[in-house]
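We count ligands from 1, going down the list as the structure has it; atoms in each ligand are counted the same way. Scope of the values below: all heavy atoms of this structure, side chains included, with no hydrogens, waters or symmetry mates.
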Amino acid sequence: MSIIVQKFGGTSVADTQKILGAARKAIRSAQAGHQVVVVVSAMGKTTDRLINLAKEITERPSSRELDMLMSSGEQITIALLAIALESLGYKAVSMTGAQIGIKTDSSHTKARIKTIDTERMRKALNDGKIVIAAGFQGVDESGNITTLGRGGSDTSAVALAAALGAEECEIYTDVDGIYTTDPRLLPEARKVAQISYDEMLELASLGAGVMHSRSIEFAKKFAVNVHVRSSFSDTAGSLITALPEGSAPVAGVAVAKNEAQLTLVGVPDKPGNAMRIFSKIADAKIATDMIVQNVGVDGKTDVAFTVPGTDLTATLDVLQSLVSNIGAEKVEWKENAVKLSIVGLGMESQPGVAEKMFRALSEQNINIAMITTSGIKISALVDRDCTMAAIRAVHNAFSLQTPVTAAAGKKKTPQKAGGYHRRRETNVSAFVPLHSSYLGMEDILIESITLDKQQSRITLPDIPDKPGIAAEVFEKIAAAKIVVDMIVQSSSRDGRAIISFTVPRNVLDKALKVVRKLSADWKADEPLYNPAAAILSVHGTGLRSHTGLAYRMFRTLADGGINVNIISTSERCVSVTVDDKSGEKGLQLFDKEFANEKL
Ligand code: ADP
Ligand code: ASP
Ligand code: MG
């Protein structure tokens, strides 16, 4: 008998009528002949309310007690849903995270799932019961209750679907599918029929709150078909699966509205400093993004990056303790920045995407404070006041409101999943032998490590910090038929900004001609360049949210005395540029460092 996992989010179980509605959906699946596991969130805004109660007492409640407190929200819903099902004449049993067998590590409030023991769940299912599982929670080795991070019920649901080898994981929510951008922000956003794991993972990680990004890591790793649909209607939703909807360069736009931008000013430009900074931040389990370590001037460099606004205080604590340690000058920060990102598998093979985005923003007179790119995403940091204009401009520029036609999109029928592991209808321990060191379900998996030795790096060290500059640079470069790879633009200082990017070495001269002319037009300093640059990349899944990975890359290079220039991070890939001469050595060091995690 096939198993279906259904998950209902907070709004979908906000009151008892809605809980009865969820019960009916579960009953319908049971009547269709499935064994049903329902994962639920806390009712409505319960989790926020619980956190606020603790904060009425202290600003810094201990994370263990916060987990104890927050987990109570889901416990209310599971009991009410089981009561609802019983009242409708169905057998049901509610279970907490510990009772369903979800074992996590001990990182309170951000715990990762290690194993799921499905025995008790299977027994209940085989007894003809609908199993109601509390989302968002687990238990560590010592029996302490843990939670998986805000929005983590999605992750519970997909993880259970993986462990049970479920036919599908249905995510019932208050929108009827995945849209090209948040439909509450932009009414003309379009619902997609399907989206690839890679795109959804990146979008979720960059702010599309419709799915917890870690749930998509599970979905990809264990080849779970995820169907996102409405709690309040029966229309078909969107399938998250192995393949994209079509071949358009951009699948969606994500917005992270509350980003904090931090800059460590005047960091001595030598091996090991990036490592020290990011190791400390990784220890605090803070996910950094938009890391821009620009090319050093006078032996000093600025290291800038963004973190979610909610992590600002914790990040500042870390940085303040580091400043004198690493010989930096000071820490600067800015709150309330908005990170706008475009994501699409198609952009890897289609040139011209970056300049189109920058041009769309510049036409609205929107200044870009930082830029980072990586594989299938481009992010730009803009002022909060420009949020709506920026989303609309970028969404329009890529015609995301227009349905994918047969010509643009390859297939009409949604594809079933295909991932790393063949699913088996057995306990999750069946996956473990696939890799000797593969102990935890959420452990990082690395697909490959690559070295591209034929690159050159160009840096424009002194450009006017005003709307349209990035667009101008990359339009002119594209007009010369040059494909750029990593792009970073730093935060501005004294009204000037720095842009660095890489180009294939055989077109360096052509690219230099373009940027020299631009610098002359702006009466700016001459471009700098390193003709012999190499890009070292680690490819995998969930690389950004596993906060320790970038740190281990930096540490490995620092231990080998290799200096890092440009850094770019995404969920699929973390890349650094190094000097050509160090490339091979870096590759060997990485192969050794990540030997145990490689697929
Ligand atoms: P739940 O409580 O069911 O987990 P969430 O509030 O976490 O629901 O997620 C659903 C919300 O995600 C929607 O109401 C929508 O505003 C938001 N959202 C953000 N980006 C997208 C997107 N690309 N597609 C659909 N919804 C999105
Ligand atoms: N109740 C938790 C939260 O609000 C988990 C979830 O809803 O997914 O973050
Ligand atoms: Mg959610």
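- The protein heavy atom nearest to atom 15 (C) of ligand 1 is D182 OD1, 3.3 Å.
- The closest approach between any non-hydrogen atom of G10 and ligand 2 is not below 4.0 Å.
- For atom 9 (O) of ligand 2, the nearest protein heavy atom (residue, atom name, distance) is R150 NE, 2.6 Å.
- Of the protein's heavy atoms, V210 CB, 3.5 Å lies nearest to atom 27 (C) of ligand 1.
- Comment: D117 does not engage R122 in a salt bridge, judged by the lack of any side-chain N to carboxylate O separation of less than 4.0 angstrom.
- Contacts between L203 and ligand 1, counted as non-hydrogen atom pairs separated by less than 4.0 Å, are absent for every part of the residue.
- In terms of protein heavy-atom proximity, atom 25 (C) of ligand 1 is nearest to G177 O, 3.4 Å.
- A donor and an acceptor atom, one from each side chain of H212 and T155, are located under 3.5 Å apart.
- Of the options I178, T173, V175, the smallest heavy-atom separation from atom 8 (O) of ligand 1 is shown by T173.
- A side-chain N or O of S196 and one of E199 form a donor-acceptor pair less than 3.5 Å apart.
- Ligand 2 lies less than 4.0 angstrom from a heavy atom belonging to G152.
- Remark: ligand 1 atoms within the under-4.0 Å shell around heavy atoms of G10 are 2 (O).
- The atoms of ligand 2 that sit less than 4.0 Å from any heavy atom of G151 are 3 (C), 5 (C), 6 (C), 8 (O), 9 (O).
- Note: no N/O pair closer than 3.5 Å links G149 and ligand 2 by distance alone.
- Here the heavy atom of the protein found nearest to atom 24 (N) of ligand 1 is Y179 N, 2.9 Å.
- Ionic pairing of D48 and R150 is present here: one or more N-O contacts between side-chain nitrogen and carboxylate oxygen are shorter than 4.0 angstrom.
- The residues K114 and D105 are annotated as not salt-bridged, no charged nitrogen and carboxylate oxygen being separated by less than 4.0 angstrom.
- An N or O contact shorter than 3.5 Å links S153 to ligand 2 by distance.
- Of all the atoms in ligand 1, the ones that sit under 4.0 Å from a non-hydrogen atom of D174 are 10 (C), 11 (C), 13 (C), 14 (O).
- A donor-acceptor contact under 3.5 angstrom links the side chains of E571 and S205, judged on distance only.
- Between the side chains of H108 and T147, no donor N or O sits under 3.5 Å from an acceptor N or O.
- A donor-acceptor contact closer than 3.5 angstrom links the side chains of S545 and E217.
- In terms of modelled atom types and a separation under 3.5 Å, the side chain of D443 and the main chain of G440 share a donor-acceptor contact.
- Side-chain contact, T146 with T104: a donor N or O sits under 3.5 Å from an acceptor N or O.
- Of all protein heavy atoms, the one lying nearest to atom 4 (O) of ligand 1 is K7 NZ, 3.0 Å.
- Considering S41, A204, G209, A189 only, the shortest heavy-atom separation from atom 7 (O) of ligand 1 involves G209.
- Distances below 4.0 Å separate heavy atoms of S41 from the following atoms of ligand 2: 6 (C), 7 (O), 8 (O).
- Ligand 2 lies less than 4.0 angstrom from a heavy atom belonging to E74.
- There is no side-chain donor-acceptor pair under 3.5 Å between T96 and Q137.
- Under the 4.0 Å criterion applied to side-chain N and carboxylate O atoms, R229 and E170 are assigned as salt-bridge partners.
- An N or O contact shorter than 3.5 Å is missing between D154 and ligand 1 by distance.
- An N or O contact shorter than 3.5 Å is missing between D154 and ligand 2 by distance.
- One finds a salt bridge joining D176 and K191 here, because a Lys/Arg side-chain nitrogen approaches an Asp/Glu carboxylate oxygen to under 4.0 Å.
- Residue P183 approaches ligand 1 through these ligand atoms, each under 4.0 Å from one of its heavy atoms: 24 (N), 25 (C), 26 (N), 27 (C).
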